Amino acid sequence: HGSEKAYFEIVNELGSVYSALAVPSVIYLSGLAFSNEELRTTGRLLTEAMLLSTLISQAIKISAGRSRPYTNDGSNTWKPFSFSESNFSYPSGHTTVAFTIATVLSNRIDKWWAYASLYSLAASTGAARIYFDKHWASDVLMGAGIGTVSALLILNANEKTKNEKTS
């Protein structure tokens with residue numbers, strides 16, 4: 001249990017608020033510091049995707065009001081607009097953040113190893129949320145979907161804008 005818990009504590013941080021703020025900021029600022037337009041663009045896309053996915057996730061979380069596993073109320077207890085942390089289970093915000101990061105970075109890197117490693121880390125973040133009794137599996141799946149789709153929407157919009165400028 002010791003090494004398993006330690007691993008989940010580490011990957012759990014990938015979905016934290018700190019990661020949601022730090023990863024896009026560090027990448028964008030690195031692009032500025034090194035005059036690297038690709039890094040700057042990646043940082044900007046991460047910021048946009050993070051804003052979209054977090055907005056969607058938080059709106060659902062507040063309006064759904066699903067109880068967390070640790071409350072022992074069961075997976076079918078919903079208290080919409082209760083504004084209590086114990087009723088913010090659906091969807092998983094940590095998983096949303098982790099999959100937003102994984103989707104943007106893997107698409108920007110566009111190498112098989114990036115997809116494999118980043119999505120594995122994101123999935124591990126979701127597993128950690130279940131392990132720590134913070135979320136139900138359906139919360140994690142919905143968070144993964146929101147993070148992935150939000151990031152793909154931002155990436156596709158960027159690609160469309162780039163193509164319109166060149167044509």
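What you see is a predicted model; the values in this text were computed from it and never measured.
Judged as a salt bridge (charged side-chain N to carboxylate O under 4.0 Å, His left out), the pairs with a partner in residues 84-95 (not counting sequence neighbours) are, in order, R68-E85. Among pairs with a residue in residues 7-16, those fulfilling salt bridge (charged side-chain N to carboxylate O under 4.0 Å, His left out) read K5-E9, at least two apart in sequence or across chains. Among residue pairs with one or both ends in residues 132-165, none qualify as ring pair (Phe, Tyr, Trp, His ring centres under 6.0 Å); sequence neighbours excluded. Annotation: salt bridge (charged side-chain N to carboxylate O under 4.0 Å, His left out) contacts involving residues 93-117, sequence neighbours excluded, comprise E38-R108. Every pair passing salt bridge (charged side-chain N to carboxylate O under 4.0 Å, His left out) that includes a residue from residues 122-148 is listed here, sequence neighbours excluded: R66-D139. Residues in residues 17-47 take part in no ring pair (Phe, Tyr, Trp, His ring centres under 6.0 Å) pair, two or more places apart or across chains.
F8 pairs by the ring-ring contact (aromatic ring centres under 6.0 Å, His included) definition with Y131, not counting sequence neighbours. A search for ring-ring contact (aromatic ring centres under 6.0 Å, His included) contacts involving Y90 returns W78, not counting sequence neighbours.
Exactly one residue among L152, I146, L153 makes a side-chain contact (heavy atoms from CB on, under 4.5 Å) with V149. That residue is L153.
Other residues sharing the hydrophobic cluster of Y115, ordered by chain and number and joined by side-chain separations under 4.5 Å: F99, Y119. Residue V140 belongs to a hydrophobic cluster whose other members are I130, with links defined by side-chain heavy atoms closer than 4.5 Å. Here L55 is tied to no hydrophobic group at all, with no ILVMFWY side chain closer than 4.5 Å. If you chain together ILVMFWY residues whose side-chain heavy atoms come under 4.5 Å of each other, F83 ends up grouped with I62, F81, F88.
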